[in-house]
Amino acid sequence: MIKQKQMYIITLFVLTLMWILPAFPIINAGVEQDPEIIEKIDSLLTIMSLEEKLGQMTLVSSSFTPTGPVLRDDFKQLVREGKAGGIFNAFGAEYTRQLQQIAVEETRLGIPLLFGLDVIHGYRTIFPIPLAEAATWDPDLIEKASETAAAEAAASGVHWTFAPMVDVTRDPRWGRIAESAGEDPFMNSVFARARVRGFQGDDLNKLNTILATAKHYAAYGAAEGGRDYNTVDISERVLREVYLPPFKAAWDEGVRTFMTAFNEYDGVPATGNRFLLNSILRDEWGFTGFVVTDYTSIPEMVTHGAAVDTAAAAAMALHANVDMDMQAVVYLEKLPGLLKEGRISEKQIDNTVRRILYTKFELGLFDDPYRYSDTGREEETILNQDFLGTALEVAKKAIVLLKNEDQLLPLSDDIEKIAVLGPLADDNFHPLGSWRAAGRREDTVTLIQGLNNYISDKTEIVHIRGVDFRDTSKEGFKEAVELARDSDIAIVAVGEEADMSGEAASRATLILPGVQEEFLKEIYETGTPVVMILMAGRPLQITWANDNIPAIVNAWFLGTQTGNAIAEVLFGHYNPGGKLPVTYPAEVGQVPVYYYHKNTGRPKDPDYRFTSKYIDAPTSPLYPFGYGLSYTTFSYDDLKLDKNVLTPDDTLHISVSVTNAGKFEGDEVVQLYTRTLAASVTRPVKELRDFKRITLAPGETTTVDFFLHPSQLRFYDSGMNYGLESGTIKVLVGTNSIDVLVAEFELELK
Ligand code: BGC
C-alpha cells in the first residue's frame with residue numbers, strides 16, 4: 001500500500017518533472033551526449049536513494065519466456081519496491097502498460113521501466129534467421145527488416161532489443177551460428193551496422209524505433225569445440241582482427257547498449273573483463289552507452305573460478321563498468337555491503353545509473369512512460385501487409401541454390417503430380433527458427449501452403465510426411481516411397497528442428513538428424529527426380545545428398561513467409577541469388593573450416609602427403625564461403641585496376657565486367673577479396689573487402705566498380721601496431737571465394 005505522504009511526493013515529483021523536462025532536444029545516433037539530459041539526470045540522482053539507484057541497475061525477467069533459471073519470480077514485487085529498472089521477456093501493449101503502471105504509480109520516484117526482449121529476426125512477423133538474412137548479401141534490405149521488427153516491437157511496448165548478435169563464428173557445431181552473420185568479420189560488421197540502423201533509426205524518440213544491443217561482447221563465437229558457454233582462448237590479434245570489428249562497427253553506428261558474453265577471454269570472464277570493457281570498449285572506442293550482462297553472468301563468475309563469492313563477482317563487474325545486472329539481482333543485494341566496505345564507490349554507481357537513465361530519456365519515457373504501450377497502434381502495426389511483403393522479399397533473397405543438375409529447377413507448370421515429403425513439408429513451427437519473439441506458428445505459411453499458392457492448374461500435390469526429425473522409426477517410409485514412385489517429382493523437405501540451433505544447441509555431428517538421410521536415399525532410389533529442401537539453423541554435412549540428389553535448395557529457417565518464398569523459387573517466379581555466409585564442411589572433422597585461413601608452410605595438396613590436410617577426408621569443404629547458384633549463369637571478364645601502385649592517400653578503383661550468360665533474369669553477388677602476400681605477420685589467404693548484389697537481364701553485361709582505400713588493408717603488425725606495410729596485394733573478384741579473377745598491385749608507403 002502506498003502511504004498518503006508518498007503519494008504526495010510522487011505527484012509533486014512527477015509534476016516537477018513535467019515542468020522541468022520539456023520535450024528535450026532530439027539527438028542523433030552517435031557519441032554525442034545531450035548536456036540538457038545529463039543535467040536532468042544529475043538532479044534526479046540527488047534525490048535517489050542507494051536502493052533506488054541499484055534498482056535501475058537491475059533487470060529481471062517476467063515469467064514469459066526465460067532462457068535460464070528464474071532466480072527471482074517476484075519481479076512485480078521488485079518493481080513495486082523500486083528495485084528493478086527494467087523487465088525483459090514482457091511484451092504486448094496491455095501487459096507492458098500494466099507493469100509500467102506499477103513502476104510509475106506505485107514507486108516513490110515513478111521512474112519508468114525499460115522493457116527488453118530478444119527481437120532477433122522479427123517480432124511478430126518473423127524474418128529468416130540472422131544467418132539466412134546474411135545470405136541475402138543485401139544489408140539495405142536487412143536494415144528494412146530490422147526497421148519492421150522495431151516498429152512491431154515498439155508498438156507492443158518493447159523499448160529495447162537484445163540484438164544484433166555480432167559474434168563471428170567459424171564453427172557450425174555452435175548452435176548460435178544461426179544468430180550470426182556467419183564466419184566473416186566484414187560480413188558481420190556490415191550486417192551489424194545495417195541492423196543497428198534498422199532498429200534504432202535516426203531518432204530513438206520516434207515511436208517506431210527501439211534500442212539495440214551489440215552482443216555478446218566478446219569472442220563468444222570462438223568457444224572451443226563449438227560447445228556453447230565453453231572457454232575461449234585466442235590471441236589478442238585474432239580478437240582484434242576477427243571478433244571485435246563487428247562490435248566496433250555497431251558502436252560506430254551508434255548502438256546504445258552492449259551485452260557481455262558468458263565466456264572468458266584470456267582467463268577472465270567477459271562480464272568482469274576490464275581489458276575488454278574498460279580498456280577497449282570505454283577507453284579506446286569511447287563507448288558512452290550502457291553495458292548489460294548476459295543472463296546471470298555475474299554470479300557465474302564464481303563458477304568460472306574467477307571470484308570467491310557473488311559479492312566479489314559483483315565488484316568485478318562494477319569495476320569493469322558493467323551497468324546492468326540481468327536476472328541475477330546481485331548488484332541489488334551485494335553492492336550496499338561492498339560500498340560500506342569501501343570496495344566500490346558511490347560515484348561508480350552514479351555513473352552507471354546515469355548511463356541507464358540516459359537511454360530512458362532518449363526513448364521519451366520520462367515524457368510519457370506509456371507511449372510504447374498502445375493497444376490501438378499495436379493492432380494496426382502487427383503483421384501488416386507491408387511487413388509481410390518485406391518478410392517475403394528477405395526470405396526469397398536468403399534462399400541459396402546449392403545444386404541444380406540438368407536444370408531440374410525451376411519446375412515446369414506442366415508437371416502432373418508432385419509428392420511432397422519429409423518432416424518440414426507441412427510444418428508451421430520449426431521454420432520460425434529459434435528466438436521467435438512474439439512469432440506464432442499459425443502465421444507461418446508452410447511449404448505445402450506455399451506450393452498450393454503458386455501451383456498451376458495442371459499439377460496435383462500429394463503430401464506424406466514419411467519420416468520424423470529425430471525419431472528413428474521407418475514405418476512411414478513405405479507409403480512415401482510408393483507415392484514418390486507414382487509421382488513425376490518428389491520434393492523432400494528435411495533438416496533440423498528449430499531448437500537444434502540457437503542457444504545451448506551445440507552439436508557434435510552435422511548430419512541430418514534421425515533417419516532423414518536414409519529416407520532421402522529410399523526416395524532417391526525410386527528413380528523419381530528429387531528436389532531436396534534443406535531447413536536448418538546451421539551448415540549441415542550433406543555430402544551424400546550433394547553427390548546424388550539432383551537439386552538442393554537451402555532454405556535455412558525462413559520465418560513467416562517460408563512456404564511462399566520456397567514455392568516462388570521452385571516454380572521459377574523468383575530466381576534464387578543468395579550466397580553462403582559460411583563454409584559448408586564435407587565432414588564434421590574438417591571443422592573449423594573457413595575461407596579466411598592462413599596458408600601455412602605446407603598448404604594442402606591432395607597429391608602430396610606432407611601437406612596440411614586430413615588423410616581420411618576431402619581437402620576441400622563441400623561448399624565454399626560465398627557460394628550459391630542461380631537459374632542463370634554469370635561470366636566475369638576484364639578485371640581492371642586503375643593503378644599498379646597504391647599509396648596511402650590514394651584509392652584503388654577496381655572494375656569487373658559481369659554478364660548474365662543464361663536465359664533467366666537473375667541476381668549475382670559480386671565479391672571482392674584481397675590477399676597480402678607477405679608482411680611482418682602472416683595474413684589470411686583471402687579477406688572479403690566488399691560485395692554487391694546486382695540484378696541482370698538475360699544477355700545483359702554490366703561493369704561493377706569497387707573502390708578500395710588503403711585503410712581497409714590495415715592489420716596488427718608484429719608489435720601489435722595497427723597500420724600498413726608495403727608489399728604486393730592480390731585482388732580477387734568473383735562469384736564465390738574460390739572462383740575468382742585475380743590481379744595485383746603494389747602498396748607503397750613513403
Ligand atoms: C542469451 C542472450 C539473451 C538473453 C536474454 C541469454 O541466455 O545468451 O543472447 O539476450 O538470454 O534472453
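Numbering of ligands and ligand atoms starts at 1, following listing order.
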Within the 4.0 Å heavy-atom cut-off, what Met259 brings close to ligand 1 is side chain

In ligand 1, which numbered atoms sit nearer than 4.0 Å to a non-hydrogen atom of Lys215? 2 (C), 3 (C), 9 (O), 10 (O)

Under a 4.0 angstrom heavy-atom cut-off, which atoms of ligand 1 come close to Arg176? 1 (C), 2 (C), 8 (O), 9 (O)

Taking N or O atoms only and a 3.5 Å limit, does Glu503 qualify as a polar contact for ligand 1? yes

Residues in ring-ring contact (aromatic ring centres under 6.0 Å, His included) with His159, at least two apart? Phe115, Tyr372

Which ligand 1 atoms are under 4.0 Å away from a heavy-atom of His216? 2 (C), 8 (O), 9 (O)

Does ligand 1 come near enough to Glu179 that some N or O of the ligand is less than 3.5 Å from an N or O of the residue? no

Under 4.0 Å between a Lys/Arg side-chain N and an Asp/Glu carboxylate O for Arg240 and Glu284? yes

Salt bridge (charged side-chain N to carboxylate O under 4.0 Å, His left out) partners of residues 303-323, not counting sequence neighbours, each pair once: Arg282-Asp323, Asp323-Arg355

Please determine whether a side-chain nitrogen of the Lys or Arg among Arg176 and Asp167 lies less than 4.0 Å from a carboxylate oxygen of the Asp or Glu. no

Please determine if Glu183 and Arg170 form a salt bridge, counting it only when a charged side-chain N lies under 4.0 Å from a carboxylate O. no

